[in-house]
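Heads up: the structure comes next, in structure tokens.
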Amino acid sequence: MTRSRIAAPDELVVIVDFGAQYSQLITRRVRECRVYSEMVSHDTSLEEILAKKPRGIILSGGPSSVYDEGAPRVDPGIFELGIPILGICYGMQLMGYQLDGKILPGENKEYGKTELHVLEPGTLFEGLNPELICWMSHGDLVQEAPPGFEVLARTHATPVAAMANVERRQFGVQFHPEVAHTPWGIEILRNFLYRECGCEGSWTMESFVGQATNWVRDRVGKGRVLCALSGGVDSSTTAALVHEAIGEQITCVFVNHGLLRAEEPERVRATFEQNFRMNLVYVDAQERFLNRLEGVTDPERKRKIIGEEFVRVFEEESSKLGHFDFLAQGTLYPDVIESGTKSAALIKTHHNVGGLPENMKFELLEPLRDLFKDEVRGVATELGMPSELVWRQPFPGPGLAIRIIGEVTRERLEMLRRADWVVVDEVKRAGLSRELFHAFAVLLPIRSTGVMGDQRTYAYPICIRAVTSDDVMTADWARLPYQVLERISSRITNEVPGVNRVVLDISSKPPATIEWE
Ligand code: XMP
């Protein structure tokens, strides 16, 4: 399977990942500052990092202590490159350690919102108040800054909460500027990027569209592209982008795998026909997917089966439609990261990444592979796609299969479809669709006793899952108004046979994930 990448923009910052939960967030925040950033594992060689021609390097946080056996380090040569460096949390401690400062192993852990006193603003704190609130989450701390560094800020527990070697353009912050709990943190990143790295903020979705269409054109040449269209913003944007680049050489295939929401197949076809002038082939593959899922309860097996079956369907369609060279799909950066990188643990096999069989007959074309969701929405807007599509809530490739816990049966699918319809409908009526990242129903494979009319029932519960999120990597459970919850609950128990109870999921991500499987 070949995966090639769109050339990175000229202005690039490398995030060296030490396994922190927040590394992807740093990457995203830097992009919010209109500077393209890429995350690499801490054991990436200096040559590889240099080959990216970074304007700056950010060393992320991480769960280790510099004193742990086998704690991740960086090649000390990184500090001699003359490229500006910002160490965050563990990144700062490592910098202190490798540059001969003094690191105190963590007895005085500092966690949560903390007052920060700025002693010397330097460029990093330029334009900010001298007294600030920041988010701390660390065990070890830098007790003495390395030679050549001055202390920029402290907290009551941390004598060196920020430090700088102005001459060498090396900086460290013990707090987390990337999280929302450090409200002005983005300013720190912006100061580093603009004042120290010399970035100008050239990363825009307009520039991406230009670059991506050129890349698609070069890569595909006269080849033919089959595009897996789900009707969601990612695959529709992929299709629109590829179409913009190569016109008639693209054919979209929309597979109904029987795991779609109510009325979805009809809606996708209608939207597509109204808004795009591309070839669209509709494949009804409901039976084969549902047959293959029979008896399967393990979530990872479900994902693998669905991913594999998808590709087989495409291969068959491809041979019916003539030869295709590429399979275009709307894989995004978080999908890639969450399917496991060297430093990030495998959370779930997203069906469009890890679930693909090794012996595929297509080359993959994934022009959105380096983008976050909000960036894709920017691309979609740039391409003139209708706002209803741009702002559509995401729907996972494996569909309702990962919202039915345990075995997927036709009966359960029907129940979930009806319940999901109610959730989506009520959220829409309440005008909340856009502010919620997701609102859907989950069917739990247990039954409980209820009473309806004068009869005892023994039926399934439906769980309401609604979250807000602006980066997918983290999410908060949505505080839906009681009236909305009440309507959803009463409608589901009335309208969905087989369901007698409605519960609400009040877990954030982490520690939960958005989907239940
Ligand atoms: P989780 O459950 O990992 O979900 O917090 C994060 C986002 O990813 C979507 N998701 C998927 N999308 N294929 C997809 O295309 C998948 O296999 C998949 N699994 C989860 C999920 O709906 C949410 O938006």
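The structure displayed is predicted, hence computed values, not measured ones. When a ligand or atom number is given, it counts from 1 through the structure's own listing order.
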Do Phe310 and Phe289 have ring centres separated by under 6.0 Å?
yes
Could you give me the CA-CA distance, side-chain angles and deciding distance for Leu365 and Leu327, then say whether side-chain contact (heavy atoms from CB on, under 4.5 Å) is met?
CA-CA 6 Å; Leu365 194 67; Leu327 174 66; over 6 Å; no
Pairs of nitrogen or oxygen atoms closer than 3.5 Å, one from Ile514 and one from ligand 1: do any exist?
yes
Ligand 1 to Lys509, heavy atom cutoff 4.0 Å, flagged ligand atoms 1 (P), 3 (O), 5 (O), 6 (C)
Within-cut-off N or O pair, Gly397 and ligand 1, under 3.5 Å
yes
Under a 4.0 Å N-O cut-off, is there an ion pair linking Arg31 with Asp374?
no
Side chains of Ser64 and Pro72: closer than 4.5 Å at any heavy-atom pair?
yes
Ring-ring centroid check Phe175 Trp184, cutoff 6.0 Å:
yes
Show the atoms of ligand 1 that are less than 4.0 angstrom away from any heavy atom in Thr513.
1 (P), 2 (O), 5 (O)
Between Glu515 and ligand 1, does any nitrogen or oxygen pair lie at a separation below 3.5 Å?
yes
N or O pair under 3.5 Å between His438 and ligand 1:
yes
Counting only heavy atoms, which portion of Pro398 has something under 4.0 Å from ligand 1: side chain, backbone, both, or neither?
side chain
